[in-house]
Colleague: 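Got a structure here, written out as C-alpha cells. Questions coming.
For the single chain, residues carry numbers from 1 onward in sequence order. None of these values were measured; they are calculated from a predicted model.
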Amino acid sequence: MFCDVVAAVRCALERVESGGMKAVATFGEACGGESTRGLALSLMDAREIHRVLLMMEQRFHVALMARVMSGSLLYLEGSFKELTSFVAHYGQEGDLNALRFGSEGIAYWVRYWLTGMGSFREFGREFGIDGQTAATFYREHIEVLLEGWLAAGRGAVEPILLRQMEDDALNMA
C-alpha cells in the first residue's frame, strides 16, 4: 500500500490548525483511500500525527517538515539554519567528512537539498574541484545524512497513517 507521507502530514497540519474544518476528510485520502469516518475522527487522526511529529528527534522532524513546507521560503530559512548545524555536527561521525569544504560548503549543499538551486559544476568551480568530485562528495557525505533523516521522519509517521487507512477500510466494509 503506497502512502505519500509528506502530503498526509501537510493535510494533518492543516486539519489541526483549522480545528477540523478542511475539505479533506482524512489523511487516508491523501494516500489514495476514501473515508466514511467524518470530521471528528479525522481531527483525532490529525492530532495523533501531530503528536508523533512533536515527539520525534529534532533532526528527523526538521528534515520531514522541510519537505512538508517546501513551498514556504520563510519556513525553509529556519530549516536551512537548523539542518546546516545538524550536518556540521553529525557529518563528522564514522567515515563522514561533511566539513571538508567548511561551513560554506555545508550551507551550499543543504540549500541544494532544500531548493534544488545550484549544481555540482558550480560547486566545483567555487571550491576548486572537479564537478564529478563535488557530486561524489555530496552523495557520500551530505545527501546520505539528509535523506536518512527524512526517511527516519517518514518512518515514524507511516505506521500511524497505515493504521488509520486500515481503520478506514474496515469502517467502509
Side-chain angles (χ1 to χ4, degrees), residues 3-24 26-27 29-31 42-94 96-127 134-135 137-161 164:
C3 183
D4 184 351
V5 173
V6 171
V9 168
R10 188 176 294 127
C11 291
L13 292 175
E14 288 175 1
R15 173 79 64 196
V16 170
E17 289 173 2
S18 70
M21 303 310 292
K22 281 294 187 189
V24 177
T26 69
F27 318 104
E29 288 184 12
C31 298
S42 78
L43 183 56
M44 288 171 44
D45 290 346
R47 288 184 177 139
E48 183 178 13
I49 293 168
H50 192 250
R51 272 192 299 277
V52 170
L53 290 172
L54 294 175
M55 299 306 292
M56 72 176 57
E57 191 172 334
Q58 190 175 4
R59 58 190 164 147
F60 306 155
H61 175 81
V62 173
L64 178 58
M65 292 306 293
R67 290 294 188 237
V68 169
M69 302 296 190
S70 63
S72 169
L73 291 178
L74 221 104
Y75 182 82
L76 287 181
E77 181 181 353
S79 295
F80 168 74
K81 291 176 183 176
E82 289 192 51
L83 288 172
T84 300
S85 67
F86 289 144
V87 169
H89 178 75
Y90 292 102
Q92 300 305 305
E93 295 179 353
L96 297 176
N97 184 14
L99 284 171
R100 177 177 169 194
F101 298 103
S103 58
E104 295 83 18
I106 291 174
Y108 185 94
W109 290 124
V110 170
R111 184 173 36 258
Y112 177 80
W113 187 78
L114 287 171
T115 65
M117 294 170 36
S119 71
F120 301 127
R121 184 181 302 150
E122 178 185 18
F123 183 87
R125 196 171 40 249
E126 286 184 29
F127 289 90
F137 172 77
Y138 170 71
R139 291 185 185 113
E140 292 178 357
H141 297 278
I142 307 294
E143 185 180 41
V144 68
L145 287 173
L146 296 169
E147 289 296 327
W149 297 338
L150 177 60
R154 285 178 171 158
V157 175
E158 192 169 27
I160 307 302
L161 294 172
Q164 290 175 358

Colleague: Would you give the length of the straight line joining atom CG of Leu76 to atom CE of Met65, rounded to the nearest 0.5 angstrom?
Modeller: 10.5 Å
Colleague: Does Glu140 reach the side chain of Val144, with side-chain heavy atoms less than 4.5 Å apart?
Modeller: no
Colleague: Look up atom NE2 in His61 and atom CE in Met55, then write down how far apart they are to the nearest 0.5 Å.
Modeller: 12.0 Å
Colleague: Show, in sequence, the C-alpha distance, side-chain angles and deciding distance for Leu146 and Leu150, and conclude whether the side chain to side chain contact (heavy atoms under 4.5 Å, CB included) test is met.
Modeller: CA-CA 6 Å; Leu146 296 169; Leu150 177 60; over 6 Å; no
Colleague: Scan residues 112-122 for pairs that pass side-chain hydrogen bond (donor to acceptor under 3.5 Å, both in side chains), counting only residues two or more places apart or in two chains.
Modeller: Tyr108-Glu122, Trp113-Glu147
Colleague: Measuring from atom CD of Glu158 to atom CG of Asp4, what distance do you get when rounded to the nearest 0.5 angstrom?
Modeller: 10.0 Å
Colleague: How close do Gly91 and Leu145 get, counting heavy atoms only, and between which atoms?
Modeller: CA-CD1, 3.6 Å
Colleague: If you take all heavy atoms of Met56 and Val157, which pair is closest and at what distance?
Modeller: CE-CG2, 3.9 Å
Colleague: Verify side chain to side chain contact (heavy atoms under 4.5 Å, CB included) between Arg154 and Val6, making sure each step is shown before the conclusion.
Modeller: CA-CA 8 Å; Arg154 285 178 171 158; Val6 171; 3.6 Å; yes
Colleague: Classify the ring geometry between Phe86 and Trp149 as parallel (under 30°), tilted (30 to 60°) or perpendicular (over 60°).
Modeller: perpendicular
Colleague: Under 4.5 Å between any side-chain heavy atoms of Arg100 and Phe127, yes or no?
Modeller: no
Colleague: Looking only at heavy atoms, what is the nearest atom pair of Ala156 and Val52, with distance?
Modeller: O-CG1, 3.5 Å
Colleague: Under 3.5 Å, side chain of His141 to main-chain N/O of Leu96, donor-acceptor pair present?
Modeller: no
Colleague: One thing to verify: whether Glu77 and Lys81 come together as a salt bridge, which I'm taking to mean a side-chain N less than 4.0 angstrom from a carboxylate O.
Modeller: yes
Colleague: Gly124 and Ala134: which non-hydrogen atoms are nearest, and at how many Å?
Modeller: N-CB, 4.2 Å
Colleague: For the CD1 atom of Ile49 and the CD atom of Gln164, what is their distance to the nearest 0.5 Å?
Modeller: 4.5 Å
Colleague: Hey, what's the ring geometry for Phe123 with Phe137, parallel, tilted or perpendicular (30° and 60° as the breaks)?
Modeller: parallel
Colleague: Do Arg59 and His89 touch side chain to side chain, with heavy atoms closer than 4.5 Å?
Modeller: no
Colleague: Where do Ala46 and Ala12 come nearest, in terms of heavy atoms and distance?
Modeller: CB-O, 3.6 Å
Colleague: Any non-hydrogen side-chain atom of Glu126 less than 4.5 Å from a side-chain atom of Phe101?
Modeller: no
Colleague: Rounded at 0.5 Å granularity, tell me how far CG in Leu99 sits from CD1 in Ile106.
Modeller: 4.0 Å
